[in-house]
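To start, the structure under review is shown below, and the notes come after it.
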Amino acid sequence: MLLPRVPTLRSWCALAGPSRRTLVSSQIVRHENPLGIPRRVANPPPTLPRRGGPPQRSRIKGVTHVIVVASGKGGVGKSTVAANLALALLQTSKLARAPRIGLLDLDVFGPSVPKLMGLERAGEPELSANNKLVPLQNHGIKTMSIGYLLPPSANNDSPVVWRGLMVQKAVQQLLFDVEWADAADADLDVLVVDMPPGTGDVQLSLGQLVVVDGAVVVSTPQDVALLDARKGVAMFRKVDVSLAGLLLNMAWFTCGTCDERHELFGSADAFERAAADMGLDVLGRVPLVKGVSDGGDAGRPVMIQSSAEGQQVRDTMRGVGRRMWEWLGARAYERAGVRG
C-alpha cells in the first residue's frame with residue numbers, strides 16, 4: 001500500500017514566512033518528500049505491507065553497525081550522551097586505522113545535534129550525485145539532523161509542526177537518504193542514533209525498518225525517569241532490538257568546596273535495582289558536571305575538552321565506548337539487505 005500524498009517541507013515552511021532554502025524550489029510539487037530530496041524511483045522508501053508481518057529490516061547503505069541511544073523520558077541528557085558516545089567510540093577504537101563514526105539525530109521535533117556538535121549555523125547539507133544528503137562533519141564525526149534542513153531564523157527556533165505521517169516519511173529519509181560512505185566508498189564503522197524520548201512512531205519505524213546492533217537506554221536516578229526507562233526497554237524488546245545496557249546520567253554532583261558526592265536526583269539504588277530487575281548491564285554512571293552543559297551549549301562536547309572537572313566524565317564515557325566496541329565484536333553480525 002503506497003503512502004498517501006503529503007505536503008512538502010516547502011509548503012510547511014510557507015506558513016513560517018519567507019525562506020532562503022536552496023534544496024527545495026516552488027516548482028518541485030511532484031515530490032512526496034518532506035525534506036525536498038528528489039525522489040529516486042529506483043529505490044523508493046519502504047512501505048508497510050497490506051497484511052502480514054512487519055516490513056523486512058535492512059542495513060543502512062554506507063553503515064556497518066547501528067547503535068541507538070534512547071530514553072523513555074525527555075530531559076535526562078540522552079542527546080549529550082549520544083554525542084559524547086560517538087566521540088568516545090572515535091577515541092577508543094582498536095581498529096588498525098582511524099574509525100569512521102557517524103551521529104544521526106532522529107529527534108524530529110527537538111533536534112539537538114547541530115547545537116551539541118558546533119554545527120548550528122553550518123547551513124544546509126549539500127546533495128550528492130545520488131541525490132542524497134551529504135553529512136556535515138565536526139570533531140571527526142559525520143552528522144545529520146533535520147535541524148540542518150529547517151528554515152533559517154535569527155534564534156534557530158523554527159519549529160517542526162507535523163503530524164505523524166510527515167514525521168514517518170522524514171525519518172525514513174534521514175535513515176535511507178544520507179550519503180554516509182565517503183568518496184572512496186568507505187562505510188561508517190558505527191552510526192550512533194540519537195532517538196527522541198518516548199515509545200512512538202520514530203522508535204517503531206526504526207525498529208521495524210533497520211537492523212539495530214544495540215541500544216543504550218539512558219536514565220537519571222529518580223523514579224519518574226526510571227519508570228519511563230522501563231517502558232523504553234520493554235518497547236525495544238517488543239520490536240526485537242538487542243539492549244546493550246543502561247547508563248545512569250547525572251548520578252551525583254561534587255561541589256567545589258568538598259569531595260563529597262551529592263546525589264541531587266536521589267540515590268542510585270533504585271537504578272541499580274531496575275537494571276537487575278530487567279537483567280541489563282550498567283554501562284556507566286556519569287556524574288553531573290557543569291562543563292558538560294557549558295561545552296554542549298558551545299558546540300564542544302566534554303570528550304574533546306581538557307578541563308580537570310570533566311575528566312571523570314571522559315573516563316566514564318571512554319569506558320562505555322570500549323564496552324560498546326566489545327559488544328559489537330562479540331555479537332554475530334546480522335546479515336540483511338541494504339537500503340539507501
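Computed from a prediction, not measured in an experiment: that's the story for all the values here.
Residues meeting the side-chain contact (heavy atoms from CB on, under 4.5 Å) test with Pro135, sequence neighbours left out: Lys142, Val178, Trp180. Scored by the side-chain contact (heavy atoms from CB on, under 4.5 Å) test, Ser153 finds Asp157, Ser158 as partners (sequence neighbours excluded). With sequence neighbours left out, Asp228 forms a salt bridge (Lys or Arg N to Asp or Glu O under 4.0 Å) with Lys73, Lys231. Annotation: salt bridge (Lys or Arg N to Asp or Glu O under 4.0 Å) contacts of Asp182 (sequence neighbours excluded): none. Asp277 pairs by the salt bridge (Lys or Arg N to Asp or Glu O under 4.0 Å) definition with Arg230, not counting sequence neighbours. Partners of Glu120 according to the salt bridge (Lys or Arg N to Asp or Glu O under 4.0 Å) rule, which considers only residues two or more places apart in sequence or in another chain, are Lys115. Contacts of Arg285 classified as side-chain contact (heavy atoms from CB on, under 4.5 Å), with partners at least two apart in sequence or in another chain: Leu248, Ala251, Trp252, Glu272, Val282. Under the side-chain contact (heavy atoms from CB on, under 4.5 Å) criterion, Phe253 pairs with Cys255, Leu264, Leu288, sequence neighbours left out.
Other residues, nucleotides and ligands contribute only 12 or fewer heavy atoms inside 6.0 Å of the CZ atom of Arg163.
When hydrophobic side chains of Ile, Leu, Val, Met, Phe, Trp and Tyr are connected at separations under 4.5 Å, Tyr333 ends up as a singleton with no cluster partners.
Between Leu149 and Leu133 there is a side-chain heavy-atom pair separated by less than 4.5 Å. Using a 4.5 Å cut-off on side-chain heavy atoms (C-beta onward), Val113 and Leu104 make no contact. Using a 4.5 Å heavy-atom cutoff, the side chains of Met195 and Asp107 are not in contact.
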N/O donor-acceptor pairs under 3.5 Å from side chains in residues 239-246, not counting sequence neighbours:
from: Ser242; atom 1: OG; to: Arg331; atom 2: NH1; distance (Å): 3.4
from: Ser242; atom 1: OG; to: Arg331; atom 2: NH2; distance (Å): 3.0

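Residue pairs meeting the salt bridge (Lys or Arg N to Asp or Glu O under 4.0 Å) criterion with at least one partner in residues 80-92, sequence neighbours excluded, do not occur; the list is empty. Residue pairs meeting the salt bridge (Lys or Arg N to Asp or Glu O under 4.0 Å) criterion with at least one partner in residues 188-214, sequence neighbours excluded, are Arg59-Asp213, Lys78-Asp194, Arg97-Asp189.
Judged by distance alone, the side chains of Glu309 and Ser307 never bring a donor and an acceptor atom under 3.5 Å apart.
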